[in-house]
Every structure is written in structure tokens, then in C-alpha cells.
Amino acid sequence: MFSAFSAFSAFAVRGRGSARLAVAAVASGLLAAGALAASGPAAAQEAPQHQGGAAATLDGLKTFDTAVLRTADGDQQIPAGLFEMTVDGGGTLKTYSVDAHRPTQEQARYLETSWDQTSLGTNRDAGKIRWILEHSYPQVDDLSALAKQAGVDSLTEQTAAAGTQVAIWRYSDHAEVDALDPKAEKLADFLEKKARGAAEPRASLTLEPGAVSGRAGEKLGPVTVRTNAGRVTVVPPADAVASGVKVVGKDGKPLTTAADGSRLYFDVPADAADGTSSLTVQATTSVPVGRAFAGVTQSQTQILAGSSESTVSAGATATWAKKGAVPALSAEKNCAKGGVDITATNNGDEPFSFALLDTRHTVAPGASRTVTVPVQEDQAYDFTIEGPGGLEKNFKGILACKTSGAPAASAGTGTGTMDQPRNQPSPALGGDALTTADGLDLAETGSSNATPMILGIAVVFIVLGVAAVFFVRKKQPASDDE
């Protein structure tokens, strides 16, 4: 990109034709600035990396009452209760929030996620939250029995949901929060007092590992199925007919179904050209209570309270080559280290090198290496690693490893009354791609910080263009025909 000074100098010395060029350059600059502005949000809206399980869209807060959140800025009334989500491919989920201060977004996209990739991973009380979910509404739908346990004469669905949410917030956010309804408050106190630690539930469906590599003519894998479903359907690679790649078991026989613990292999023909392929497994099952759901964009992390029979899926990729480096690439959020772990396994006969930020990393043949890319909290990331044979692996998502712990400025809470609830949906946030060294693209979410810069660039182009036209006309003598 040329500097403003050099651009002006070039326009100034070339007469009337350059004046036309100056105007054209201004228009081009404005178009480029517009393209930059448009490209930012799109990057954050593309599909992120998913380890497997359910993917769903938030339908909103459906069964709720009122809670009082006590903050340094004063007491604020907020809605507290059950959200509902619609699962891709069919199914419905009911969830509670595990971040009282963060707003949700309208029709936000969510992915089933392990605890260690959310704020629950570093929360010593996460197990107590699961206990509350297992012992309260809606898992316990006998409200008379639940009311008796809590020491009240009755509970409605709304007060039961509010009391449960309040108890969860006391452990997820360690917040000072009370239910406004006295009966809901007693339920919250009962659940908080009785809660005991419980283990994190297994994923509804995942594949381990998510990427394998090796030589053409071999069975690449194994990729192990982990699921609570009785059976899963194995979807072969989309290019299976053209490439000849098959999904097989250890005995080499093609597989169309599998179960928990099944080992899958990519059977690659010996004459296959260097390349990559992928498989998908899919099932219908109830997602285990206590599974975390992380927003694709900045939206409250949720924890599952109930699930209908829902569609779940997971995928894995394979890379092969006849010689040279043959890498398998995968990524996973690492909340403990505040970043994203990139793992590269090299099953070739030559070293594999890749760059992240300003550092180049090399993986020896037969070795594996994990590099943690630092990402700021609440920031989106989007980066691509390239390998031999046209391999290109893209990883994207948003790092949300902590509860907000303070009122979110974008929540539109105003005075914090029920007219402007903190955890009601707010408009979805976009992201602006930031390109760093070695082809690593990170994205900054929230309101676009690039917008003022883009407007400033546009103004500079306009000023320079007008100045160039004026300067050229002033210096150029008038011709006889003017």
C-alpha cells in the first residue's frame, strides 16, 4: 500500500490526466475502504471449529421470573430462568445461563462444548452446578415434591426455573443474587446448600482424534467414536467415488454404522494422488444434562438442563501423501492458558514446518507438537495453516473462558429493570479480521474498531483527491481552446 505523500506527489506532477487519475484513485480508495468494512463481520459469522455433538440456535428465555443482582452499581432486577434452543437437524434443548452479567444475542448459534473450553473448566464449583441441574426443574418435574423439599407450599414453573437459575449463578459467577419471589428464593437457598460435586458428563458424540495422516495405500487412523447413542451412522467422504477412499473397520471391511468405542479408518488406495478427505458420523440421542454450550459469537455460555431426542454429529479428516511431510492438524481452545492449542502430528518422512505469529515451528517425522496461540478473552480468532499437497486447515471461534463479572456495556441494561433485562437477547456482534505475520488471521469482535480508521482513510483520500485536482488545475496553463 503506497503512502499518502507518495500518492499526492505522483498526482501532482502529471498534469490534467493525473487529475482524472486522482479522482479515480479516490473512488478506488473508497471502494477498498468499503470492502474492508464489509469483510470484517463476515469473517466472524462463518462456521467455527466444532469437536462434535449438538449445534443449536437460541430461541430465547421461555420460562422465567425475576432475580435481583447486587453489584457495585446497585441492585438490578433481571429475568432468571430457562432458555430454549432448536437443534440443527431436529430436537429441542433447555438451558440455564452460566454468566449472569453477559447478554444473549437474538438467534445466537451455539455448539456443544467441553467444560474446559468455557468458564466452567476453571470453576471449582462446576460439579455443584451439574448436581443442581440433576435435582431441580425441569429434571424434577414434580413441582409439589420439589416445593416440599425446599420448604414452601407451592412452586410454579416460573418460580422453579428462577430459583434454579439463581442457585446456578451463585456457583457459576459466584455472584450475589437473589430471587425476587420468596418461594423461588427458598428453592435457591435449598439447592445451594444441598449441592454436591458431580463429574462432567460425556459428550453426546465426538471423534478422537479429529485428524489423522499417513501414506497412500494404508489404513489411516484409528478414529475412535465416543457417544452416548446406541448407534451412529457413518457418512463416507463426499469424494469417495472419485478418490476411492473408504471408511473401514480394523478388518478392512467398509462401515456404514458404528457404536461407542468403534474404531474407524480411512482406507486410501495406493495410487491415490496426494490429498485430504473427511468423514462424518451422525446420531439421534438425548444430550447429557450438564453439557456446556458455547456461543459462536459473544453470547452467554449455557449449560444443559434438558434435551429431547436430538441430532448430533462429529467429523474427522485424513491427509495422505506418497512422500515428504504428511501433517494432521487440529485445534482446541485452552482456557487454562488463555489461547488456542494447535496440534500438528507429522506421519511423513520429512520435517513439517508451519508459522504462527512471528515464530516458525518444525515437527520431526513421526512426532507431534502442540503450540498455544494466545487469544484475548472475548476475542474471535480465525487463522489458516497450509501444508504440502494443497493442505489448508482453517480454525475459528471465540475465546470465552471467563464470566463477565461486571455489567456488560453492550447489554442495554439501563437502570437494570425488567424493561431492559441483562440476559435478554441483544443484536448479534460482528468481527473485524486482523491479519498478523505468517498468514495468521485473528478477529476482533464487538463493535467495529476498524470503522473510525476506515472513515479516516476515506476522508484522507477525498482531501488528497480534491487537493490534487486543485493543484493540477492551478499549475497547468490554459490552452487556446478553453
Side-chain angles (χ1 to χ4, degrees), residues 36 39-52 55 98-99 101-103 105 108-123 126 172 209-211 292-302 329-344 354-361 363 368-386 392-406 408-410 428-450 453:
L36 284 171
S39 67
Q45 292 169 4
E46 294 177 11
Q49 195 71 17
H50 188 205
Q51 268 69 46
V98 290
D99 193 342
H101 295 91
R102 190 186 305 274
Q105 295 180 26
R109 298 276 299 142
Y110 279 82
L111 302 175
E112 184 181 341
T113 309
S114 61
W115 284 4
D116 62 2
Q117 297 186 47
T118 71
S119 61
L120 296 169
T122 55
N123 186 341
S172 65
F293 278 79
V296 171
T297 51
Q298 292 188 33
S299 191
Q300 286 179 349
T301 300
Q302 304 280 310
L329 302 170
S330 61
E332 187 174 88
K333 298 175 188 177
N334 187 332
C335 285
K337 293 185 178 180
V340 179
D341 284 344
I342 305 297
T343 299
F354 64 99
L356 286 173
L357 296 179
D358 294 325
T359 305
R360 182 162 292 278
H361 307 275
V363 184
S368 180
R369 184 171 184 181
T370 298
V371 179
T372 302
V373 182
V375 179
Q376 292 184 1
E377 178 69 13
D378 289 333
Q379 295 300 294
Y381 58 89
D382 181 351
F383 48 91
T384 299
I385 298 177
E386 296 180 351
E392 187 176 278
K393 201 68 178 285
N394 177 253
F395 303 106
K396 62 185 63 180
I398 187 168
L399 196 73
C401 294
K402 302 175 183 178
T403 54
S404 299
S410 62
L429 302 177
D432 302 309
L434 300 177
T435 302
T436 62
D438 303 314
L440 174 65
D441 293 333
L442 301 179
E444 184 177 33
T445 62
S447 59
S448 176
N449 293 331
M453 179 188 73

Between the CD atom in Gln298 and the CD atom in Gln379, the distance rounded to the nearest 0.5 Å is 7.0 Å

Q. Do Asp99 and Thr403 have a side chain donor and acceptor closer than 3.5 Å?
A. no

>> Within the supplied structure, the quantity of interest is the number of heavy atoms (other residues, nucleotides, ligands) at a distance under 6.0 Å from Glu377 CD; does it exceed 12?
In response: yes

Before giving the answer on side-chain contact (heavy atoms from CB on, under 4.5 Å), spell out for Phe354 and Val363 the whole-Å C-alpha distance, their side-chain angles and the decisive distance to 0.1 Å.
-> CA-CA 9 Å; Phe354 64 99; Val363 184; 4.0 Å; yes

Quick one: does His361's side chain have a donor or acceptor within less than 3.5 Å of a partner on Thr370's backbone? no

Open item on the list: The test is side-chain contact (heavy atoms from CB on, under 4.5 Å); show your working for Ile398 and Thr297 and say whether it passes.
Closed with: CA-CA 7 Å; Ile398 187 168; Thr297 51; 5.6 Å; no

The side chain to side chain contact (heavy atoms under 4.5 Å, CB included) partners of Ser299 (sequence neighbours excluded) come to Thr104, Gln105, Ala108, Tyr110

task = Could you walk me through whether Phe395 and Ile342 pass side-chain contact (heavy atoms from CB on, under 4.5 Å), step by step?
result = CA-CA 9 Å; Phe395 303 106; Ile342 305 297; 4.1 Å; yes

Rounding to 0.5 Å, atoms CG (Leu111) and CZ (Phe293) come to a distance of 8.5 Å

Hits for side chain to side chain contact (heavy atoms under 4.5 Å, CB included) against Ala211, two or more places apart or cross-chain, chain-then-number order -> Thr317, Ala328, Lys393

Heavy-atom nearest pair, Lys402 first then Arg102, reads O-NH2, 3.3 Å

Review point. Is a side-chain donor or acceptor of Lys333 paired with a backbone partner of Asp116 at a separation under 3.5 angstrom?
Key: no

Given the options Val375, Val373, Asp378, Leu399 meets side-chain contact (heavy atoms from CB on, under 4.5 Å) only with Val375

Across all chains, not counting sequence neighbours, the side chain to side chain contact (heavy atoms under 4.5 Å, CB included) partners of Thr372 are Asn334, Lys337, Asp341

